[in-house]
Amino acid sequence: MKDFKDKVLVVTGAGSGIGQAIALEGARRGMKVVVNDIDPAGLASTEEKIKEIGVPVVTQCADITKAENVEALLKLALDNFGKVNIAVSNAGVTAPGPVWELPIQDINWISKANFVSHTYGMHYFLKQMIEQGDECCYMNVASGAGLCISFSSCMYHATKTADVVQTECTYLALKSRGITNISMHVLCPAYVKTTIHLSDNHRPDWAAINDDPYYQSEEFISGKIRAARGVSTGIPIDSVGLTVFTAFEEDQFYVLTHPEALSLQEARVKNIMNLSKPG
Ligand SMILES: NC(=O)c1ccc[n+]([C@@H]2O[C@H](COP(=O)([O-])OP(=O)(O)OC[C@H]3O[C@@H](n4cnc5c(N)ncnc54)[C@H](O)[C@@H]3O)[C@@H](O)[C@H]2O)c1
């Protein structure tokens, strides 16, 4: 897609960080913007910034882990602007710990926020884009963590890997059916300076922190400190909107902020090919 003016952009988790950066870049390019977030204050700040740029904007404050909210987001876009040209499924969260220590509610929360919500997005928005038949882009925001493995934040790696694979398979499914009007993209950033380490502030009610001992554990507390340190080493947010829109312009499927991190993926694939243990 080369021309964005007056086209319609929908972004989930756009109340801060990468989602906000993508929404603002779309607004600067003259797009009409529909933004979702679970956090009303973040959403209001994005809305304000888009209004300052001077393009139409509508907001949905809702939990994207529920299919009916994703369906309602599509309806909101259609009711206001009549179509969707770019959808970015970006909302995501992180929590530390191995799966035997994570409370079941966190297993559900991370799975739904990072993976299932993206699949709901593809279900509703791709169907609409296929019906429209005009030039469209669909992006899932995965992570560099979806291309490599580590001992920490297993759920994060697993859900982000699932995002990459779901985007790849969906690309092939579209191609196999001769559907050519939609370009698929998966964003795999390494560290970017955002507030992702504060994901607990964006828990839906059904995954609120409770009296489970995990939330007082060394694993939980040190994991959060590790995440904050990691994010603090990240690249500034400024370049991310441009990276994403360049990917739309040049039809790049895999979109990276740190191409040098691909060596980690290479190491994983080599292990699989050698039938070695993960390392
Ligand atoms: N920052 C990084 O270093 C980094 C690296 C790789 C991938 N990512 C991915 O980028 C995406 C954006 O993260 P970010 O770094 O901008 O973090 P962020 O915390 O600044 O932004 C995430 C946004 O998603 C919203 N959100 C969370 N759960 C939601 C829900 N259930 N419904 C609706 N909105 C919800 C949050 O309120 C927040 O505004 C995530 O998918 C994250 O996994 C980030």
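No experiment lies behind these values; they were computed from the predicted model shown. Each residue takes its place number in the sequence, starting with 1. Read the numbers this way: they start at 1 and go in the same order the structure lists the ligands and their atoms.
When each atom of ligand 1 is checked for a heavy atom of Val93 under 4.0 Å away, the hits are 27 (C), 28 (N). Short contacts between ligand 1 and Tyr191, defined as distances under 4.0 Å to a heavy atom of the residue, involve ligand atoms 3 (O). The contact set between ligand 1 and Val141, taken as ligand atoms under 4.0 Å from a residue heavy atom, comprises 9 (C), 10 (O), 11 (C), 41 (O). For ligand 1 and Tyr156, the ligand atoms under 4.0 Å from any heavy atom of the residue are 6 (C), 7 (C), 8 (N), 9 (C), 42 (C), 43 (O). Ligand 1 places these atoms under 4.0 Å from at least one heavy atom of Thr65: 31 (N). Near Gly17, with a cut-off below 4.0 Å to any heavy atom, the atoms of ligand 1 are 16 (O), 20 (O). Within ligand 1, counting atoms from 1 as listed, the ones closer than 4.0 Å to a heavy atom of Asn36 are 33 (C), 34 (N).
In this structure, of Leu43, Asp37, Leu73, the residue bringing a heavy atom nearest to atom 38 (C) of ligand 1 is Asp37. Counting heavy atoms only, Ala190 comes closest to atom 4 (C) of ligand 1 of the residues Ala190, Cys61, Ala41.
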Verdict with reasoning, Glu52 to Lys49, per salt bridge (charged side-chain N to carboxylate O under 4.0 Å, His left out):
CA-CA 5 Å; Glu52 277 168 23; Lys49 288 177 183 172; over 6 Å; no
Let me see the working for Asp200 and Lys224 under salt bridge (charged side-chain N to carboxylate O under 4.0 Å, His left out), right down to the final yes or no.
CA-CA 10 Å; Asp200 286 331; Lys224 287 177 64 146; 2.6 Å; yes
Is there a side-chain contact (heavy atoms from CB on, under 4.5 Å) between Asn36 and Asn69 once you walk through the steps?
CA-CA 10 Å; Asn36 150 280; Asn69 290 341; 6.0 Å; no
Trace of the salt bridge (charged side-chain N to carboxylate O under 4.0 Å, His left out) decision for Arg203 with Asp106
CA-CA 10 Å; Arg203 283 174 180 262; Asp106 278 17; 2.8 Å; yes
Run the side-chain contact (heavy atoms from CB on, under 4.5 Å) test on Gln105 and Asn210 for me, step by step, so that the C-alpha distance in whole Å, both residues' side-chain angles and the decisive distance to 0.1 Å come before the verdict.
CA-CA 10 Å; Gln105 70 165 14; Asn210 58 26; 3.6 Å; yes
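Heavy-atom separations between Lys160 and ligand 1 include at least one value shorter than 4.0 Å. Within the 4.0 Å heavy-atom shell around ligand 1 one does not find Thr12. Residue contacts with ligand 1: Ala62 is included, with a non-hydrogen atom under 4.0 Å away. Heavy-atom separations between Ala113 and ligand 1 are all 4.0 Å or longer. Contact analysis leaves Ser117 out of contact with ligand 1, as no non-hydrogen atom separation drops below 4.0 angstrom.
For atom 31 (N) of ligand 1, the nearest non-hydrogen atom of the protein is Asp63 OD1, 2.9 Å. Scanning all protein heavy atoms for the shortest distance to atom 44 (C) of ligand 1 gives Ile18 CD1, 3.7 Å. When hydrogens are left out, the protein atom nearest atom 29 (C) of ligand 1 is Ile38 CG2, 3.8 Å; that is the closest non-hydrogen contact. Among protein heavy atoms, the minimum distance from atom 18 (P) of ligand 1 is reached at Ser16 OG, 3.4 Å. The protein atom (non-hydrogen) at minimum distance from atom 36 (C) of ligand 1 is His202 ND1, 3.3 Å. Atom 12 (C) of ligand 1 has its closest protein heavy atom at Asn90 OD1, 3.2 Å.
The distance criterion of under 3.5 Å between nitrogen or oxygen atoms is not met by Gly144 with respect to ligand 1.
Contacts between Ala142 and ligand 1 below 4.0 angstrom, taking non-hydrogen atoms only, involve the backbone exclusively.
Here the options are Arg28, Met1, Met31, the test is side chain to side chain contact (heavy atoms under 4.5 Å, CB included), and the partner is Phe245; only Met31 passes.
The pair Glu266-Lys270 counts as a salt bridge, with a side-chain nitrogen and a carboxylate oxygen less than 4.0 angstrom apart.
Residue-environment remark: NZ (Lys193) exceeds the threshold of 12 foreign heavy atoms within 6.0 Å.
Counting only N and O atoms by type, the side chains of Trp206 and Asp63 include a donor and acceptor under 3.5 Å apart.
To the nearest 0.5 Å, the span separating OG on Ser150 from CZ on Arg268 amounts to 11.5 Å. Summarising the geometry, atom CG belonging to Asn140 is positioned 5.5 Å from atom CG belonging to Asp163; distances are rounded to the nearest 0.5 Å. Atoms CG and CE, on Asn114 and Met155 in that order, are 8.0 Å from each other to the nearest 0.5 Å.
Ring geometry, Phe248 versus Phe4: the interplanar angle falls from 30° to 60°, so the pair is classed tilted.
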